[in-house]
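For ligands, and for the atoms within them, numbers begin at 1 and follow the listed sequence. Quick note: residue numbers are just sequence positions, from 1.
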Amino acid sequence: MDVVEDVSELRRRVGAERCAGRTIGLVPTMGYLHAGHRSLLDAARRDNDMVVASIFVNPTQFGPGEDLASYPRDLKRDHAVLDAAGTDLLFLPSAADMYPDGAGAQAIWVEPGALAGNLCGASRPGHFRGVATVVTKLLNMVQPDTLYLGQKDVQQAAILRRMVRDLAFPVSVRVLPTVREPDGLALSSRNAYLTPEERAEAPALKRALDCALAMIGTGERDVARLVAGMEEVIRRDAPDGRIDYISVVDAATLQPVVSLQGDVLIALAVYLGKARLIDNAEITIG
Ligand code: AMP
């Protein structure tokens, strides 16, 4: 695998492949790779001639008091994961290349608007603006045919899909299912923050989603009762957890639904110790 830090060098290498008619898949990450990232890399490998992965802990998507400085990093292990997945090129941009005038001095941003107004966007103001802006930069630098994203970060995926459509980026978006631990916990780099006790409580998020799906399965159509059922599971199975939100929204607009109908997204975020865990389930209700 080639490791490239310089943007001109990246453009030269990827440009040569593009000119030769080869397809390019991009998997953007913040590193500390796990099997969730691996599933994106595997899909990119199956679909494309060239797989480009990026690792960049993007400062503009962290709010004040969030974990930018302590975000887990292990480049040596990431290198091994990427190699094993058959990645062709690892792009490791510097903060100075991504934000030439400094992250705080970025004048033009990609604003996701109402799609960033609720769910994680409500408790992380500016987060999705940072995500949309950095992914725009990465798309402009790599110019891939396909962008690979994970369903675990469903609001991010919805915003980036919409960004690609609204701003006419010449790229396809593929969203891959959430990869989980055997006990249901969605894999996340931030799971590294959990103490053994918190780790034992963390599968409560998936259990709450399963509870909601089971309630829908037996005919429940009342959103408030669904949310109450999920809260009960979190209180019971994750007593140290603090619920940020449990929301039922339209899968396309991310706006709250009053009646359970059509493509619905059930999403939640729970603070557990130093970690903020998120999970979601999508369901079509006829
Ligand atoms: P991150 O490094 O956390 O920014 O994630 C990079 C990409 O991997 C994003 O598109 C995530 O949605 C995706 N991803 C993270 N965790 C998972 C998971 N458990 N399953 C599938 N995709 C994931």
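Contacts of ligand 1 (protein heavy-atom distance under 4.0 Å) are P28, T29, M30, H34, G36, H37, L40, Y71, L149, G150, K152, D153, Q156, P177, T178, V179, L187.
Taking a cutoff of 4.0 Å between a charged side-chain nitrogen and a carboxylate oxygen, R12 and E9 qualify as a salt bridge. Salt bridge R38/D42: present, at least one basic N to carboxylate O contact under 4.0 Å. A salt bridge links R45 to D88: one of the charged nitrogens lies within less than 4.0 Å of a carboxylate oxygen.
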Listing, residues 78-86 side-chain donor-acceptor contacts under 3.5 Å, not counting sequence neighbours, or none:
| from | atom 1 | to | atom 2 | distance (Å) |
| --- | --- | --- | --- | --- |
| D78 | OD1 | Y32 | N | 3.3 |
| D78 | OD1 | L33 | N | 2.8 |
| D78 | OD2 | Y32 | N | 2.9 |

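In this structure a side-chain-to-backbone donor-acceptor pair under 3.5 Å is missing from D279 to R207.
There is no side-chain donor-acceptor pair under 3.5 Å between Q255 and N118.
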